[in-house]
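Positions are given from 1, in the same order as the sequence printed here.
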Amino acid sequence: MALTGRTALISALGALFVGFVLPSWLGLLTVQLALLIGILCDLALAAPVRKLQFTRSGETTVRLSGEAHTHLTITNPDRRTLRAQIRDAWPPSSFQPGSDLSRSRHTVRIPGAERRRLTTTLHPTRRGDHHAVRVTVRSYGPLGLAARQGSHRIPWTLRVLPPFASRKHLPAKLARLRELDGRTSILTRGEGTEFDSLRDYAPGDDTRSIDWRATARRQTLAVRTWRPERDRRILLVLETGRTSAGRVGDIPRLDASMDAALLLAALAARAGDHVDLLAYDRRVRASVQGRTARDLLPALTDALAPLEPELVEADARGLAAAIRRRTPRRSLIVLFTGLDAAPVEEALLPVLPGLTQRNELIVAAVADPRIEEMAAGRHTPQALYAAAAAEQTRAARRRTADRLRHHGVTVIDSTPARLAPDLADIYLALKSAGRL
């Protein structure tokens, strides 16, 4: 039972009125007795909470920072009218900071044997699965003096997907891909193995591409052109150890890596290549294999949505073994990891020969733009010290990247805003050069 503010107000006014007519003790007793009778009557007329029936519906997925609508249908099987305040509780991260949480609170009036549908609008601020907490109902009597209160657990899960902000770069990268495939008037050819057409020889062409039989027929030098290869294998590997938990700006490094992986997957699927995903630290955290081009992006976003960094040191040998099991034939491996000197030199470098022997390997790392800002500062003694520290950090990352390149690895060290388009450009360059 819950008493309302109206109860206290009536009690005070009643005591003030009766105090002029009856002795104080008798007047107070009379008011309290009348109020008690009113409360009991109000409770008797309030609709019961436990008998209410609930069903949920609405959206089950939404992209981060998007808007989702969940519906709660309440059925009142009792003959008494339900006059209630209802709170549909969700985790705090289901709403924007500083937003009016009253959107999860509703006031309803449901006559007996009828139902009403309530809508709660969510604006999630974190990836992953958001679970409905509970539905709390406060049922008032017709006088509003007292109320019954109870809670119900009505399960519902909203999966918040990665935002895929780099999707804005996809049209430009697809236009470049069409150029490579010869689907536009700009015929930029790669060194693939699928014969495409013949054209006249131009200075600078590889003499190995001259078709001597066609030259004899045409009496002019003819050169074979090749269509960039399709049906290649690409494995996206997200290292989810402690280095991926570091925040760059407002997001973890892992989220920036996810965004770049999604752009590359969308581009590669359009190019006719097969894309798989592996997330690993000390064990497999997520895996996507064997999806068609149409199903690839939905499968990737669904697998990445609940993925969170683990505060453990990644097992490089276990990661290398997991990669080899998923690449029985030559593949492009894109490893999203950090460029910290110790983990790379002690863990990654010893396993590189087994990965690069028959595969093309790209290491993609997220750089902190704040380091660049600090390196440019010289106006105060404090800024000068910060600039020296930033230069030292940049030099260490360059040394680590150079050691990886010495082993035949392509290294991308870009800020979160540039990582996705830079990785897509490297992929297109490999296509154009016939290395993929």
Side-chain angles (χ1 to χ4, degrees), residues 1-14 29-62 67-96 99-126 128-160 306:
M1 181 182 74
L3 300 180
T4 67
R6 185 180 300 181
T7 305
L9 179 60
I10 292 176
S11 177
L13 292 176
L29 181 62
T30 303
V31 170
Q32 295 295 337
L33 182 61
L35 187 59
L36 178 61
I37 293 173
I39 291 173
L40 293 176
C41 292
D42 217 28
L43 281 176
L45 295 175
V49 174
R50 298 298 177 188
K51 292 183 179 181
L52 296 176
Q53 300 169 0
F54 300 86
T55 56
R56 284 195 182 273
S57 60
E59 299 172 73
T60 56
T61 59
V62 66
E67 184 178 277
H69 302 280
T70 60
H71 309 296
L72 181 68
T73 302
I74 307 173
T75 302
N76 178 18
D78 198 80
R79 292 179 298 175
R80 288 165 284 186
T81 298
L82 175 68
R83 305 169 184 85
Q85 291 182 351
I86 297 176
R87 183 186 180 219
D88 186 8
W90 288 77
S93 58
S94 300
F95 301 93
Q96 291 284 355
S99 65
D100 187 6
L101 293 182
S102 63
R103 69 185 63 188
S104 65
R105 294 175 171 83
H106 310 272
T107 300
V108 297
R109 185 179 184 277
I110 308 177
E114 293 190 15
R115 69 182 64 180
R116 295 289 185 272
R117 191 175 79 164
L118 308 177
T119 299
T120 300
T121 303
L122 307 177
H123 292 88
T125 59
R126 291 187 60 182
D129 292 335
H130 293 237
H131 303 281
V133 180
R134 65 175 62 85
V135 176
T136 302
V137 181
R138 181 173 289 181
S139 173
Y140 293 91
L143 300 178
L145 298 177
R148 305 167 183 258
Q149 181 168 311
S151 296
H152 300 259
R153 291 193 176 273
I154 315 299
W156 193 258
T157 300
L158 178 69
R159 173 155 287 191
V160 183

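Using a 4.5 Å cut-off on side-chain heavy atoms (C-beta onward), L158 and L122 make contact. Put simply, the side chain of R80 reaches to within 4.5 Å of the side chain of P48, judged on heavy atoms.
The two residues P155 and R56 come nearest to each other via the heavy atoms O-CD, 3.6 Å. Pairing each heavy atom of P124 with each of V160, the nearest pair is CB-CG2, 3.5 Å. Taking every heavy atom of both residues into account, K51 and P77 meet most closely at O-CG, 3.2 Å. Across all non-hydrogen atoms, the minimal contact from F95 to T125 is O-CG2, 3.6 Å. Minimum interatomic distance between A84 and S139 (heavy atoms only, all atoms of both residues): CB-CA, 4.1 Å. When all heavy atoms of Y140 and Q85 are compared, the closest pair comes out as OH-OE1, 3.6 Å.
For T55, the side chain to side chain contact (heavy atoms under 4.5 Å, CB included) partners two or more places apart in sequence, or in a different chain, are T73. Under the salt bridge (charged side-chain N to carboxylate O under 4.0 Å, His left out) criterion, E59 pairs with no residue, sequence neighbours left out. Under the rule for a salt bridge (charged side-chain N to carboxylate O under 4.0 Å, His left out), R83 has no partner lying at least two apart in sequence or in another chain.
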(message) Between V137 and F54, does the side-chain contact (heavy atoms from CB on, under 4.5 Å) criterion hold? Intermediate values first, please.
(response) CA-CA 11 Å; V137 181; F54 300 86; 3.9 Å; yes

(message) Between V62 and E67, does the side-chain contact (heavy atoms from CB on, under 4.5 Å) criterion hold? Intermediate values first, please.
(response) CA-CA 7 Å; V62 66; E67 184 178 277; 5.8 Å; no

(request) Determine, step by step, whether T157 and H130 satisfy the side-chain contact (heavy atoms from CB on, under 4.5 Å) criterion, reporting the C-alpha distance in whole Å, the side-chain angles of both residues, the deciding distance to 0.1 Å, and the verdict. (result) CA-CA 6 Å; T157 300; H130 293 237; over 6 Å; no

(request) Would you sort out whether L52 and N76 count as a side-chain contact (heavy atoms from CB on, under 4.5 Å), showing the intermediate values? (result) CA-CA 5 Å; L52 296 176; N76 178 18; 4.0 Å; yes

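When each of V133, T120, T70, V135 is tested with S104 by the rule side chain to side chain contact (heavy atoms under 4.5 Å, CB included), just one qualifies, namely T120. For the side chain to side chain contact (heavy atoms under 4.5 Å, CB included) criterion with Q53, the lone passing option out of I74, T75, I154 is T75.
Atom CZ of R138 is separated from atom OG1 of T107 by 11.5 Å, given to the nearest 0.5 angstrom. Summarising the geometry, atom CG belonging to L72 is positioned 10.0 Å from atom NE2 belonging to H152; distances are rounded to the nearest 0.5 Å. Atom-to-atom distance recorded for I86:CD1 and H106:NE2 is 8.0 Å, nearest 0.5 angstrom. Atom NE2 of residue H71 and atom OG1 of residue T119 lie 4.5 Å apart, to the nearest 0.5 angstrom. The line from CZ of R116 to CZ of R109 is 8.5 Å long, rounded to the nearest 0.5 Å. Separating the CZ atom in R153 from the NE2 atom in H131 is a distance of 12.0 Å, to the nearest 0.5 Å.
Summarising the local packing, CZ of R115 is surrounded by 12 or fewer heavy atoms from other residues, nucleotides or ligands at distances under 6.0 Å.
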